[in-house]
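First listed ligand is number 1; within each ligand, the first listed atom is number 1.
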Amino acid sequence: MQLYNKLSAKEREELIDNAGKDRLTLSFYKYAHIKNPLNFRNQLFINWDKLDVLGRIYVALEGINGQLSLPADNFQAFKKHLDSIPFLKNVRLNVAREQDNKSFLKLKIKVRDKIVADGLNDTSFDVTNKGIHVGAQQFNDLIEDKNTVLVDMRNHYESEIGHFKNAVTPDVDTFRESLPIIEEDLKEHKEDKNLVMYCTGGIRCEKASAYFKHKGFKNVFQLEGGIIEYARQVKDLELDNKFIGKNFVFDDRRCERISDDVIAQCHQCGNPFDVHTNCANDACHLLFIQCESCKEEMNNCCSTNCKEIHALPYEEQKALRQGQGNSNDIFKKGRSEHLTYKKDLRNIFETLSKSS
Ligand SMILES: [Zn+2]
Ligand SMILES: [Zn+2]
């Protein structure tokens, strides 16, 4: 029985092209107690491979977190399978706003310690004691309240290209890093302010809201389904859109445009631009924002140094990389002293003084 992906990305691309069918990109997560994650994972693989599901799915003792695509024709069968699993019955599926048939090219279901790499010690607090979930309309009302502090729970390279108006956007590389910073900055306001938070699809807020409640915050709210679901509700219910720019997503699409505002700049020339790219030098692969003209001038590289290395014959590049760890991580932190226009996003105190 096949339990692992066997096709290369290229072979898969051809299959998708030849099938000529629309695919649906979606995501979901659920905290639940899964007794035998490996067994559960194998069952998912067998069922989903048959339905031509592609994506990146994490299974852990604490639950499941999946981002995937499947032929639109198979959606009902997929939903039926999810509903057959008690804790996934009627789980909310975040359907992507912009569809791309090639958002995923492999089916990877992995057993992990956690469904999100949050670096938190779970036993220290109860994850199920989470904040109040709010939909788009209630969220809009809450963030107009001057007693509200709105916090973006994502990382710097995500909030850089899009965030809610007036949100605090901690300048952090990781989720774990943001929690104590936010707690410290808001410690005088644990009882008098509404702490309202959001993230991409809601999963980070599940943990963060439980964490802040554990730390003594009294009024903790979280945007249900995150920016993805917010955008859907705003469109379907014709609500005011308070999100500016693009929503960064963790698949090959990289982002979904929510409003026409371009709030970021090319890190090399400073012109308005909001498309992330990875430095073409394989030894660097830095995630950064580069406009079309800088792309051309720099040959897709983040610095003159990388440009020179990238221009060398492959064998020489390889020799240079010897002994240096593999940095082939497309979501590498995205900071470099070479990036003249990379903004410092940390504005937590400014926001607080404005609101009080
Ligand atoms: Zn530029
Ligand atoms: Zn580089």
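Judged purely by distance below 3.5 Å, without hydrogens or angles, the side chains of Lys213 and Asn129 pair a donor atom with an acceptor atom. Side-chain polar atoms of Arg154 and Ser159 form no donor-acceptor pair below 3.5 angstrom. Glu206 and His133 share a side-chain donor-acceptor pair at under 3.5 Å.
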Query - Trace of the side chain to side chain donor-acceptor pair (under 3.5 Å) decision for Ser103 with Thr25 - result: CA-CA 7 Å; Ser103 55; Thr25 301; 2.7 Å; yes

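A ring-centre distance under 6.0 Å is not found for His163 and Tyr198. Aromatic pair Phe139/Tyr230: ring centres closer than 6.0 Å.
Under the 30°/60° scheme for interplanar angles, the aromatic rings of Tyr29 and Tyr31 are found to stand perpendicular.
You'll find the side chain of Ile34 reaches within 4.5 Å of the side chain of Phe87, heavy atoms only.
Inside a sphere of radius 2.8 Å centred on the Zn ion (ligand 1), the protein N/O/S atoms present are Cys266 SG, Cys269 SG, Cys291 SG, Cys294 SG. For the Zn ion (ligand 2), the nearby protein N/O/S atoms, meaning those under 2.8 Å, are Cys279 SG, Cys284 SG, Cys302 SG, Cys306 SG.
Seen from the ring of Phe243, Arg257 does not count as a face-on cation partner, given the 6.0 Å and 45° thresholds.
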